[in-house]
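This is a predicted model, so every value here is computed, not measured. Just so you know, ligand 1 is whichever comes first in the structure, and atom 1 is the first atom listed for that ligand.
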Amino acid sequence: MKIIVCVKQVPDTNEVKIDPVKGTLIRDGVPSILNPDDANALEGALALKDNNEDVTVTVLTMGPPQADAMLRECLAMGADEAIHLSGREFAGGDTWATSNALAAAISKMGEYDIIFAGRQAIDGDTAQVGPQIAERLGISQVTYVQDLKINGEELIVERQLEDGYEVIKAQTPVLFTAIKELGEPRYMSVTGIYDAFREKEVKVWGFADLGIEQDQVGLKASPTRVKKSFVPKPKGKGMMLDGSAKEMTEKLILALKEKHVI
Ligand SMILES: Cc1cc2nc3c(=O)[nH]c(=O)nc-3n(C[C@H](O)[C@H](O)[C@H](O)COP(=O)(O)OP(=O)(O)OC[C@H]3O[C@@H](n4cnc5c(N)ncnc54)[C@H](O)[C@@H]3O)c2cc1C
């Protein structure tokens with residue numbers, strides 16, 4: 001069984017701060033990390049590999065040269081090979097253009113059974129790329145996957161809903177988007193790190209390797225443009241209540257009524 005996991009290198013948004021004077025984002029010194037949902041997706045794939053000898057796991061990213069470090073991390077966790085889509089032609093793409101590039105790379109890889117993506121990336125935050133790849137490839141998809149088991153030829157998937165979950169039988173080829181419940185990502189092992197740099201391979205593919213036209217990828221191909229970006233204004237000051245529990249409850253109810261919340 002061949003599994004492909006789409007992984008994105010993202011700025012650690014927990015570390016991004018706002019400059020109080022300029023009101024802009026402070027990006028300097030912000031570490032880049034493997035997108036958290038993608039780490040869960042990779043864990044889901046590696047768990048299948050743990051239990052089934054014939055499983056191979058390939059990680060795929062589109063990103064700048066420094067994304068190599070994230071791919072090595074995925075190899076050190078246990079992925080078998082890594083593919084890095086890199087080139088100016090891909091730059092500035094929106095989700096449509098990003099999905100086109102990733103789908104073209106997947107088609108070039110030949111036969112596959114399962115494609116994993118994260119539910120969403122913590123920087124773009126759209127949760128569109130996974131489903132768009134499935135559409136582009138013409139395969140079925142299950143989003144918000146929280147559990148996955150192989151039962152003979154069938155894949156039994158739990159898909160999280162707001163108020164529970166649904167159980168879906170899926171057949172390959174299929175794309176899943178993973179949420180954190182799918183599995184706590186494992187640590188890299190020492191031998192894994194050694195292998196990631198000495199034994200395993202990161203293949204770098206450029207635009208010319210994909211056999212698609214420039215009007216499919218990058219900024220020019222993108223149907224959407226970011227016209228403006230800005231830091232949201234801070235919310236108003238909070239209100240501290242005092243008095244006994246009963247008094248505070250009365251004040252709280254009154255304040256909520258005044259604001260027409262209740
Ligand atoms: C309107 C718009 C304009 C944009 N313009 C620019 C721009 O000018 N310059 C720019 O740098 N960015 C731009 N972006 C951001 C860029 O489009 C997104 O980073 C990219 O399309 C992925 O979308 P996302 O981050 O929302 O991912 P999501 O859809 O939230 O990601 C879901 C999953 O898809 C997979 N995935 C997503 N991206 C990748 C990737 N690159 N490689 C491998 N797997 C991936 C991961 O598994 C991820 O968990 C723009 C985004 C939008 C919405």
Among all protein non-hydrogen atoms, which one is nearest to [atom], and what is the separation to 0.1 Å?
| atom | answer |
| --- | --- |
| atom 3 (C) of ligand 1 | V226 CG2, 3.2 Å |
| atom 1 (C) of ligand 1 | T224 OG1, 3.1 Å |
| atom 53 (C) of ligand 1 | T126 CG2, 4.1 Å |
| atom 25 (O) of ligand 1 | K8 NZ, 2.6 Å |
| atom 13 (C) of ligand 1 | G93 O, 3.7 Å |
| atom 40 (C) of ligand 1 | M62 O, 3.7 Å |
| atom 43 (C) of ligand 1 | V7 O, 3.1 Å |
| atom 49 (O) of ligand 1 | D38 OD1, 2.4 Å |

Worked check of salt bridge (Lys or Arg N to Asp or Glu O under 4.0 Å) between E111 and K2:
CA-CA 8 Å; E111 298 274 300; K2 175 156 178 150; over 6 Å; no
Please identify which atoms of ligand 1 are closer than 4.0 Å to at least one heavy atom of [X].
| X | result |
| --- | --- |
| D123 | 25 (O) |
| Q128 | 29 (O) |
| N35 | 49 (O) |
| D94 | 2 (C), 3 (C), 17 (O), 21 (O) |
| D125 | 26 (O) |
| L60 | 43 (C) |
| A117 | 47 (O) |
| C6 | 44 (N), 46 (C), 47 (O) |

Salt-bridge test for [X] and [Y]: reply yes if a basic N is under 4.0 Å from a carboxylate O, no otherwise.
| X | Y | answer |
| --- | --- | --- |
| D54 | K49 | no |
| K8 | D123 | yes |
| K149 | D147 | yes |
| K200 | E81 | no |
| E250 | K246 | yes |

To the closest 0.5 Å, what do you measure between [atom1] ([X]) and [atom2] ([Y])?
| X | Y | atom1 | atom2 | answer |
| --- | --- | --- | --- | --- |
| Q216 | F90 | CD | CZ | 12.0 Å |
| D37 | L42 | CG | CG | 12.5 Å |
| R119 | N35 | CZ | CG | 9.5 Å |

Any heavy atom of T95 under 4.0 Å from ligand 1? The part involved is both
So which bit of V129 gets within less than 4.0 Å of ligand 1, heavy atoms only: side chain, backbone, both or neither?
both
Close side-chain approach of M77 and Y187, heavy atoms under 4.5 Å
no
Suppose the criterion is side chain to side chain donor-acceptor pair (under 3.5 Å): which pairs have a residue in residues 65-74, not counting sequence neighbours?
D68-R72
Compare [options] and give the one whose heavy atom is closest to [atom].
| atom | options | result |
| --- | --- | --- |
| atom 33 (C) of ligand 1 | A39, G63, G118 | G118 |
| atom 27 (O) of ligand 1 | A121, S99, A101 | A121 |
| atom 28 (P) of ligand 1 | A127, P36, P131, G92 | A127 |

Is there at least one pair of N or O atoms, one from R225 and one from ligand 1, spaced under 3.5 Å apart?
no
Any chance you could pull the hydrophobic cluster mates of Y144, using side-chain heavy atoms under 4.5 angstrom and chaining through other members?
I179
